[in-house]
Structures are given as C-alpha cells and as structure tokens.
Amino acid sequence: MKTILITGANGEIGHGLISRLAERNYVRIVALDLQELDESLKPKVHRAITGDILDTALLESLSATYNFDTIYHLAALLSTKAERQPVLAHKVNVDGTLNLLEMAVGQSRLQGREIKFLYPSSIAVYGLPDLQTKARAGKVKEHEWLTPRTMYGINKLYCEQLGIYYARYYRQLDAEATQGLIDFRALRFPGLISAVTVPTGGTSDYAPEMLHAAAQGKPYACFVREDTRIPFMAMPDAVEALLQLEAAPRQKLTRFVYNVTAFNPSAQEIFNLVRHAFPKAQVTFTPDLKRQKIVDSWPADVDDSAARADWSWQPAYDLRRAFEEYLVPGVLQRYQT
Ligand code: SER
C-alpha cells in the first residue's frame, strides 16, 4: 500500500490525478484542499481534508498520522489571480511550497527514507521580451529565457530552485547527512485543457473557456488575439506525465525539472476546432491588452526532448486526437441535459 498526499486536490490537475490513482488498488490518497473536495471525488480518496497549506499545525498533524510515500504538491494561485493578489500568491505559492518541503523532510526523517516530491511548474517561468523574440526563440529549452514577468512565474521558478535545494543542498553545513531526504521532480506544464473541469485564475484559460462555452451554447469573448500561440496539453496527458515522472528510476533522470508539451495551436486554430465540433459557437476576439502581454511573454513552444529521452515522455493526444477523442466527447457528455 502506498500513501500519497495531494495538495490542491480539488483543482483541475487534482481531479484528473485522483481519478487515475484511484484505479490502483494499492494506493491510499490523502487529499488536501482549501475547498471541500467534490462529492464525486470523495469515494476515491482515503481521507479528504479541507484546510490550508499555510497552516503548519495541520501539516504537522497530517505528518504525525501518515507515512507518505509521495507528495503531489499541486496547490497554487494561477497567473491572472496571482497578478491581482501578488502578496497572497507569494504566500500560497512560495511559503506553501516551503511548508510542504519541510513536511517532506520531517517525513523522511521519521521514515528513514527518501520522500518523492512531485511539483507542477509552468511555462510561466519563461519570459520573452517581445513578439519578435518569441517568434525567433521557437522551442524554448529548460535553461533559456528564465526571466518571468509574472508573480506566478517568479514563484514557480523560485520553487523549482527550492526543491532542488532541498534535494541536493539542504542544511549543507550540518554534521549529519542531509541529502537523500527529498526526491524532487518537477514538470513545466504548458496550458492544460480538461473536458471535465474549467480552470480558475489562469491566463491560458482562453482555450478551455472557449471550448466549454461553445459546448454550453454560450457566447465567448476571447481575451487574446487570434494569432496568440502557446503550448498546450490535454489533461489526461498532464496526469500521465506526472505519473510517469514519479515512476521513472532516479538514475535515468538527468535533471530535476522537465519541459513537457503536446501541441501549440494559435487561438484562431483552437477556435476553428471548436467551431468544427460546435458550428453555432459564438466567439469574438476582444483582447485584454494586459492579459495579452502575459501570454505574449510565454514561449510559442517548448523543447521537451529531455523528458522524451530520459523517461520516454510522449503525449497520447496530438491536437486533432485531443479534440476528437477526448475534449469534444468529454464536454458533450459533461453538458448533456
Ligand atoms: N495555466 C497557467 C496559467 O495560465 C499557466 O501555468 O496561469
């Protein structure tokens, strides 16, 4: 039996991850979220806790109760919300991650073994200065353009470094060995599109919002220009990437942080696919110049060759399959009355 802690369990990735992990009969899930866990997920978890990752007493009591094998630390404020509440974002995204890493250290000491710590980072860690540079940059590699322009991107980039610090250099002056406590592994996700949930507070939200609005017969005003291009991935692939990275033998991993991606359509191309499935879709492009700037600073594509080489990453869904076999049937089922 493996015991797994998932923070941000009620979020989009949490929904997908819990559903997939619950298929395994040797897994016991402890789900933590600020909001009460959705009723549909409750039967899939061992315990659902409504609470705050900033509540260290709560984390300590969890740590005293369970021996966690793996922590999926998904809780975060996304980029648009973080821009509106930067101090809160910093608290949740950075202090929250620090609390979870400290909890993992405590767990490691109690259990006398390494604790796996899976961390979803983001394309928001990249920051390209202008559209010409973005066009020239093409597929961005993990070490390039690490000059984020958003609180969220800065938080994610810093927490990647924090995770590496805990894995490799934590308390390096101490007499006793302090390495080998945390096995930190991070993925830089592109925009994610789910058929079953809609995101809140992100800036890549235009793609899922457009699809979910069309499926409900609602008009949608897209907040970015038609030519806006960033990488995306279907949610089942995002969940699969987390599970595959978790399962990869450590000696195969040449880095702590990996890009992953599946396709990178423009907003117009997304609209074309949405309109193909829902011919009555009413979409207008009315860019919000401020949110546009954020998306324009994110790369048009990322190079995920390290993930492909080290742990055989390969998305199951390309753009066409994502729409035809997952997104369209999924939203049709979701909104059927
Ligand atoms: N989807 C996220 C956002 O838009 C990016 O990681 O904030």
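Starting from 1, each residue takes its place in the sequence as its number. Remember, it's 1-based here, ligands and their atoms both numbered in the order they're listed. Every heavy atom of this structure was used, including side-chain atoms; hydrogens, water molecules and symmetry mates were not.
Residues passing the ring pair (Phe, Tyr, Trp, His ring centres under 6.0 Å) test with Phe278, sequence neighbours excluded: none. Listed by chain and number, the residues in a ring pair (Phe, Tyr, Trp, His ring centres under 6.0 Å) with Phe68 are Tyr66 (sequence neighbours excluded).
Aromatic ring pairs are classed by plane angle as parallel below 30°, tilted from 30° to 60° and perpendicular above 60°; the pair Tyr169 and Tyr165 is tilted. Classified by interplanar angle (parallel below 30°, tilted 30° to 60°, perpendicular above 60°), the ring pair Tyr317/Tyr326 is tilted.
Enumerated by chain and number, the residues approaching ligand 1 to less than 4.0 Å through a heavy atom are Leu78, Ser79, Ser122, Tyr152, Gly202, Thr203, Ser204, Trp298.
With salt bridges taken as basic N to acidic carboxylate O contacts below 4.0 Å, one links Lys116 and Glu246.
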Side-chain donor-acceptor pairs of residues 50-58 under 3.5 Å, sequence neighbours excluded:
unit_1 : atom_1 : unit_2 : atom_2 : d
Asp52  : OD1    : Leu54  : N      : 2.8
Asp55  : OD1    : Ala57  : N      : 3.2
Asp55  : OD1    : Leu58  : N      : 3.1

